[in-house]
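Notes follow once the structure below has been shown.
Letters A, B, ... mirror the listed sequences (proteins, then strands); counts begin at 1. Because the structure is a prediction, the values reported are computed rather than measured.
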Amino acid sequence: MERVIVGMSGGVDSAVSAYLLKQQGYDVVGVFMKNWDDKKDGQCTAAEDFDDVRSVCNAIGIPYYTVNFEKEYWERVFSYFLKEYQNGRTPNPDVLCNQEIKFSAFWDFAHKTGTRYIATGHYAKAENVNGKVLLKKAADQSKDQTYFLCMLKMEQLENVLFPLGDMQKSEVRKIAEEQGLAVARKKDSTGICFIGERKFKEFLKNYLPARPGEMRTLSGEYIGQHDGLMYYTLGQRRGLDIGGRGTGERWFVVKKDMDQNILYVEQGANHPALYSRALWMRAFNFISGAPGAKQFECGAKFRYRQPDQQVNVSVKEDGYLVEFAQKQRAVTPGQYCVLYDGDICLGGGVIEDVLF
RNA sequence: UGGGGUGUAGCCAAGUGGUAAGGCACGGGACUUUGACUCCCGCAUUCGUAGGUUCAAAUCCUGCCACCCCAG
């Protein structure tokens, strides 16, 4: 009987994943990763989540353990997260978390115990095709999580199982219900992976010093004060506290000037300054190997759950130029550009610059 | 201290006798394994203030206060 270690978060998806693998005849072991010390900021969701893992594993009839990657998470994910914010960018820690923790540290741990497979509750598929492993979109298109897996290599995917790849979320909940799993109706968790939902501004304030400054329009008109550039991201509306000015439309962040500590804002949800025509990446991770062509057309996402956008990719000496068929709203440095060929996720890279 | 104007929620702003529009901001929720966007709900028993007229006033009258502008 082949053994598989399932990363259990305490949610329905990983619970049903474990159940399905057990049904398929695997020797299933549940492992709960504790990667964040939440005692220091007053939250205690990890303890509750572990209670749910215990309950689910008992119901399914599999052993369960805990493994602690707090140190790795801090060093390989969180420190980068803070550094990016300090540089005025908007990082995506969850992509990095998959790259560094779930499919690296966690895999190493499993491998050391002599286990061949790890599994997670991600909505994605890993398929062997002609000696290559391809990462493909999940059957449930609205839940597809390949965006977050864009930095993996096929070597990492080789020993990974995604039991939910062909399932609809509604089926997953139904199975959990039928099996009497305690988490059947538990709300999906959101927020930074392993950290959870936080009031973001308050959270960041604990780690980075805020430097208030001016808010101006691109033409230089003074609009007001901001609390610190790190609290704002491109395309953001809330938290600006600007009311009663100009046309009465909403205001959005269109640019951050780190040198002068100025936050640029413009009015109107469709303001031209919000739309860009291309982006630049210094590096790109091709999951299953780089394509031969120096230039190609494909689909792309600039944020999770965005419908694929048509782009033209040019491979340059020192990076990748991605030009959009349609102008794109609020493409943001620090976030990931993920490329798709139909259902196949080609890979991703950090957005370095945005071209207008 | 002569003349003119304005004072409606945090901001902008409708409403000139019939019992407080709307927008922005803000708060809450939905959506969501990042950050955002979006959507939904909420948000002045009260109209600078004190009186008066009226069945009824933010709307009419009077006093006072504040701010603005032009004169000086």
TODO: Mind running salt bridge (charged side-chain N to carboxylate O under 4.0 Å, His left out) on A:Lys71 and A:Glu75 for me, showing each step along the way?
DONE: CA-CA 6 Å; A:Lys71 183 166 176 285; A:Glu75 288 174 354; 3.4 Å; yes
Rounding to the closest angstrom, what is the interatomic distance between [N] and [M] at atom [atom1]?
| N | M | atom1 | value |
| --- | --- | --- | --- |
| B:C37 | B:G4 | C1' | 49 Å |
| B:C47 | B:C60 | C1' | 16 Å |
| B:U6 | B:A44 | P | 27 Å |
| B:C41 | B:C68 | P | 41 Å |
| B:A14 | B:G23 | P | 15 Å |
| B:C43 | B:A21 | C1' | 15 Å |
| B:G18 | B:U46 | C1' | 16 Å |
| B:A58 | B:G52 | P | 15 Å |

Task: Nearest to side-chain heavy atoms of A:Tyr85, which nucleotide of B:C37, B:G35, B:U32 - done: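 Ranking B:C37, B:G35, B:U32 by closest atom to the A:Tyr85 side chain puts B:G35 first.
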- [ ] Ignoring the backbone of A:Arg238, work out which of B:C37, B:U34, B:G35 is nearest its side chain.
- [x]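 The closest nucleotide is B:C37.
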- [ ] Select from A:Gln335 and A:Asp241 the residue whose nearest nucleotide in RNA chain B is closer to the 5' end of that strand.
- [x]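 Result: A:Asp241.
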Open item on the list: Quick check: on RNA chain B, is the nucleotide nearest A:Asn92 upstream (toward 5') of the one nearest A:Leu240, or the reverse? Name the residue that is more 5'.
Closed with: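 Looking at the nearest nucleotide for each, A:Leu240 comes out on the 5' side.
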Describe the nucleic acid contact of [X] in one word from base, sugar-phosphate, nothing, applying a heavy-atom distance below 4.0 Å.
| X | result |
| --- | --- |
| A:Leu96 | nothing |
| A:Ser9 | nothing |
| A:Lys143 | sugar-phosphate |
| A:Lys199 | sugar-phosphate |
| A:Arg303 | base |
| A:Phe252 | sugar-phosphate |
| A:Gly224 | nothing |
| A:Gly248 | sugar-phosphate |
| A:Asn98 | base |
| A:Phe148 | base |

Task: Duplex segments of RNA chain B, taken as runs of at least three Watson-Crick or G-U pairs that stay under 3.5 Å - done: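 RNA chain B forms these stems: B:2-7 with B:65-70, B:10-12 with B:22-24, B:26-30 with B:38-42, B:48-52 with B:60-64.
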TODO: Would you classify B:C67 as syn or anti? Syn applies when the glycosidic angle is within 90° of 0.
DONE: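 Glycosidic conformation of B:C67: anti.
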May I have the distance from [X] (atom [atom1]) to [N] (atom [atom2]), rounded to whole angstrom?
| X | N | atom1 | atom2 | answer |
| --- | --- | --- | --- | --- |
| A:Arg305 | B:C31 | CZ | P | 10 Å |
| A:Gln225 | B:C11 | CD | P | 18 Å |
| A:Phe78 | B:U34 | CZ | C1' | 12 Å |
| A:Gln236 | B:U34 | CD | P | 15 Å |
| A:Ile351 | B:U34 | CD1 | P | 16 Å |
| A:Phe200 | B:C37 | CZ | P | 12 Å |
| A:Asp13 | B:U32 | CG | P | 11 Å |
| A:Arg237 | B:U38 | CZ | C1' | 9 Å |

- [ ] Verify the distance criterion only: is there a donor paired with an acceptor across the side chains of A:Gln295 and A:Asn312 at less than 3.5 Å?
- [x]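 Present: a donor and an acceptor within the cut-off.
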Task: Side chains of A:Gln99 and A:Gln156, donor plus acceptor under 3.5 Å - done: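 Side chains of A:Gln99 and A:Gln156: no pair found under 3.5 Å.
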Donor-acceptor pairs under 3.5 Å, side chain of residues 330-341 of chain A to any protein atom, not counting sequence neighbours: which ones?
residue, atom, partner, partner atom, Å
A:Thr332, OG1, A:Ala330, O, 3.0
A:Gln335, NE2, A:Thr90, O, 2.9
A:Gln335, NE2, A:Pro91, O, 3.3
A:Tyr340, OH, A:Thr146, OG1, 2.8
A:Tyr340, OH, A:Tyr147, N, 3.3

Task: Spatial distance of atom CD (A:Glu249) from atom CD (A:Gln267) [nearest 0.5 Å] - done: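 With rounding to 0.5 Å, CD (A:Glu249) is 5.5 Å from CD (A:Gln267).
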Open item on the list: Would you compute the distance between atom CG of A:Leu218 and atom NZ of A:Lys255 and round it to the nearest 0.5 angstrom?
Closed with: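 Nearest 0.5 Å value for the CG-NZ distance: 6.5 Å.
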Task: Quiz item: A:Thr247 side-chain donor-acceptor pair to B:G23 base, under 3.5 Å - done: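 Side chain to base: no pair present.
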Task: Contact check, side chains of A:Asp13 and A:Tyr123, non-hydrogen atoms, under 4.5 Å - done: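 In short, these two side chains touch, coming nearer than 4.5 Å.
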Open item on the list: For a quick test of reading the model: is some side-chain N or O of A:Arg250 closer than 4.0 Å to OP1 or OP2 of B:C39?
Closed with: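 Yes.
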Task: Neighbour count above 12 (heavy atom, 6.0 Å) for A:Glu155 CD - done: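 Result for CD/A:Glu155: enclosed.
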Open item on the list: Please determine whether a side-chain nitrogen of the Lys or Arg among A:Lys205 and A:Asp227 lies less than 4.0 Å from a carboxylate oxygen of the Asp or Glu.
Closed with: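 A:Asp227 and A:Lys205: not salt-bridged.
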Listing, residues 235-244 of chain A side-chain donor-acceptor contacts under 3.5 Å, not counting sequence neighbours, or none:
residue, atom, partner, partner atom, Å
A:Gln236, OE1, A:Thr233, N, 3.0
A:Gln236, NE2, A:Arg238, O, 3.0

